[in-house]
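Note that this is a predicted model, so its numbers are computed, not measured.
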Amino acid sequence: MIRRDAGPDHYYLITQHDHALLAGELARHFGNSRFARPDPYQETITGITLHDSGWPLHDDAPTLNPAGQPLHVFEVPVPIAVKVWSASVDRAAQAGDYPGLLVSLHVLNLSSLLLSHAFNPAAKPLSRPDVFEMNKFQHRQVEIQETLRARLGLSNDLPRQLGLAAPGSAPAEDQLRFNFRLLTLMDRLSLSLCCGKNLFPTIDDCPPIPGRPPLPLTSTMPNPSTLTLSP
C-alpha cells in the first residue's frame, strides 16, 4: 500500500498492484534511438506488470500502524514482506518462466535492501527471528531462480550476485540484467508518481543497451503529478 499525504488528516491510498500496473504501462513506452526495448518484449513487460501481484494479500485488508493508518510500503514488517514477495513470484511464474525469474530477482534484491535498512535507515535493526526468516526467503528465491534459469536455458554455473551474473558474462545474462534494471527503473518512476514525491532524483544503475555501462539518469518533479527524466 502507498499512503500519499493529501493535506491535514487526508491521504490517498494506492495499492501496490496498481502501482505495478502503472510501471508496466510505462515500460510499454520505453525505447528509442538511445535506449533499447526489452527482449523478450512481452515476457519482460509481463514481469514488470506483475512485480507486486502478491500484494493484494495485504492491501485488500491492510495492517494499520499505531496511528490507525494503513501501513505504507516502506513500513511493512518482515513477515508481511516475505508473504507478499513470495506470492508475487508465484503469480508471475504462473504467467511464464521469464516473468517469474524477473520478479524473483526483484524481491531478492528488495530483501537485501531491507536487511541493510535502505528502506528506512531510522528503523530498528531486524530481530534475529526476522533475519532468520529473511535468510530462508533468500535461499528459497535462489532455488526458484535456478529452476527457472534451467528451464530458460540459462547456465547455473556462472557466479551470480543477488541473482545476476557479472556484466559481459554472456549475451543472455547481459539481456537479463538490462531487463531487470528496466523493471527497477519503472518501479522507481511509478513509486515517485504514486507518492507525489521525487524519491529517486538520480538513478545510476540502468544500462541504455544490454552489455553497455549504466547511463546515469536524473528525474525532476515540477509538480506532484509530473515527472521528467533526463536524458
Side-chain angles (χ1 to χ4, degrees), residues 20 23-24 26-54 85-86 88-116 118 134-190 200 202-217 229 231:
L26 294 173
R28 291 184 187 278
H29 299 276
F30 187 85
N32 55 24
S33 60
R34 298 187 64 182
F35 295 88
R37 284 162 59 90
D39 181 36
Y41 178 78
Q42 189 55 54
E43 288 88 341
T44 302
I45 299 300
T46 298
I48 296 172
T49 301
L50 296 177
H51 79 263
D52 278 342
S53 56
W85 289 345
S86 298
S88 295
V89 175
D90 292 343
R91 294 177 181 184
Q94 290 175 9
D97 292 339
Y98 204 88
L101 178 57
L102 285 176
V103 176
S104 180
L105 289 170
H106 176 61
V107 299
L108 179 62
N109 279 261
L110 289 181
S111 69
S112 177
L113 292 174
L114 184 56
L115 283 170
S116 67
M134 193 62 70
N135 287 335
K136 288 197 302 181
F137 170 78
Q138 290 181 331
H139 283 294
R140 176 57 180 155
Q141 292 309 309
V142 170
E143 293 173 351
I144 290 172
Q145 289 173 25
E146 289 182 347
T147 298
L148 294 175
R149 287 176 63 90
R151 291 178 184 171
L152 291 164
L154 297 170
S155 173
N156 279 317
D157 296 331
L158 293 171
R160 299 188 298 278
Q161 182 176 15
L162 292 176
L164 295 170
S169 299
E173 299 295 338
D174 287 341
Q175 184 68 59
L176 178 63
R177 175 181 289 272
F178 173 85
N179 293 337
F180 168 68
R181 290 304 179 194
L182 179 61
L183 187 159
T184 63
L185 174 61
M186 297 299 109
D187 181 33
R188 294 166 181 171
L189 299 183
S190 177
F200 308 95
T202 302
I203 300 171
D204 58 6
D205 55 7
C206 296
I209 297 173
R212 297 278 184 88
L215 177 64
L217 305 172
L229 197 63

* Asked: Given D90 and Q94, is the side-chain hydrogen bond (donor to acceptor under 3.5 Å, both in side chains) satisfied, shown in steps?
  -> CA-CA 6 Å; D90 292 343; Q94 290 175 9; over 6 Å; no

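- Proximity of L215 to C206: side-chain heavy atoms (C-beta onward) are nowhere separated by under 4.5 Å.
- Interatomic distance, OG of S104 versus CD of Q138, reported as 10.5 Å (0.5 Å rounding).
- Listed here is the closest heavy atom pair of P231 and R34: CB-NH1, 3.4 Å.
- S53 places a side-chain N or O within 3.5 Å of a backbone atom of L50 that can act as its donor or acceptor partner.
- The neighbour count for H139 NE2, taken as heavy atoms of other residues, nucleotides or ligands under 6.0 Å away, does not exceed 12.
- Below 30°, between 30° and 60°, or above 60°: for H51 and H106 the angle between ring planes is above 60°, a perpendicular geometry.
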* Asked: Can you list the steps and then say if R188 with D205 is a salt bridge (charged side-chain N to carboxylate O under 4.0 Å, His left out)?
  -> CA-CA 12 Å; R188 294 166 181 171; D205 55 7; 3.0 Å; yes

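- Remark: L101 CG to L154 CG distance equals 7.0 Å, nearest 0.5 Å.
- When every heavy atom of L158 is checked against every heavy atom of A165, the shortest pair comes out as CD1-CB, 4.3 Å.
- Considering only heavy atoms from C-beta on, L164 comes within 4.5 Å of F180 through its side chain.
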* Would you check, one step at a time, whether the test salt bridge (charged side-chain N to carboxylate O under 4.0 Å, His left out) holds for E146 with R149? => CA-CA 5 Å; E146 289 182 347; R149 287 176 63 90; over 6 Å; no

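- Applying the side chain to side chain contact (heavy atoms under 4.5 Å, CB included) rule to Q42 yields the partners R28, I45, T46; only residues at least two apart in sequence or on another chain are considered.
- Taking the side chain as every heavy atom from C-beta outward, W85 and V103 never approach each other to under 4.5 Å.
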* To do: Walk me through it: do F200 and L189 pass the test side-chain contact (heavy atoms from CB on, under 4.5 Å)?
  => CA-CA 8 Å; F200 308 95; L189 299 183; over 6 Å; no

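- Contact detail for G100 and V89: the closest heavy-atom pair is O-CG1, 4.2 Å.
- Taken to the nearest 0.5 Å, the CG atom of L182 stands 7.5 Å off from the OG1 atom of T44.
- Residues D174 and S169 fail the side-chain proximity criterion, which asks for heavy atoms closer than 4.5 Å.
- Side-chain atoms of S112 never come within 3.5 Å of backbone atoms of L108 as a donor-acceptor pair (strictly under, hydrogens ignored).
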* Quick one: do T184 and N109 satisfy side-chain contact (heavy atoms from CB on, under 4.5 Å)? Show the steps, please. => CA-CA 10 Å; T184 63; N109 279 261; over 6 Å; no

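- Note that the CD atom of Q141 and the CG atom of L148 stand 9.5 Å from one another [nearest 0.5 Å].
- Counting only distance, with no hydrogens or angles, the side chain of S190 and the backbone of M186 share no donor-acceptor pair below 3.5 Å.
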* Output, in order, the C-alpha distance, side-chain angles, deciding distance and verdict of side-chain contact (heavy atoms from CB on, under 4.5 Å) for F30 and L185. => CA-CA 11 Å; F30 187 85; L185 174 61; 4.0 Å; yes

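- The minimum heavy-atom distance linking F178 with A36 is given by the pair CZ-O, 3.2 Å.
- In this structure, D204 contributes its side chain and P216 its backbone to no donor-acceptor pair below 3.5 Å.
- One finds the CG atom of L105 at 5.5 Å from the CG atom of L176 (value rounded to the nearest 0.5 Å).
- Checking side-chain atoms of Q175 against main-chain N and O of D39 turns up a donor-acceptor pair under 3.5 Å.
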* Stepwise side-chain contact (heavy atoms from CB on, under 4.5 Å) check, N179 with L102 -> CA-CA 8 Å; N179 293 337; L102 285 176; 4.1 Å; yes

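- Of the inter-residue distances, the one linking D97 atom CG with T147 atom OG1 reads 9.5 Å to the nearest 0.5 angstrom.
- Classification of R181 and D187 as a salt-bridged pair fails, no side-chain N sitting under 4.0 Å from a carboxylate O.
- A pairwise comparison of heavy atoms in S111 and M134 identifies CB-SD, 3.4 Å as the closest pair.
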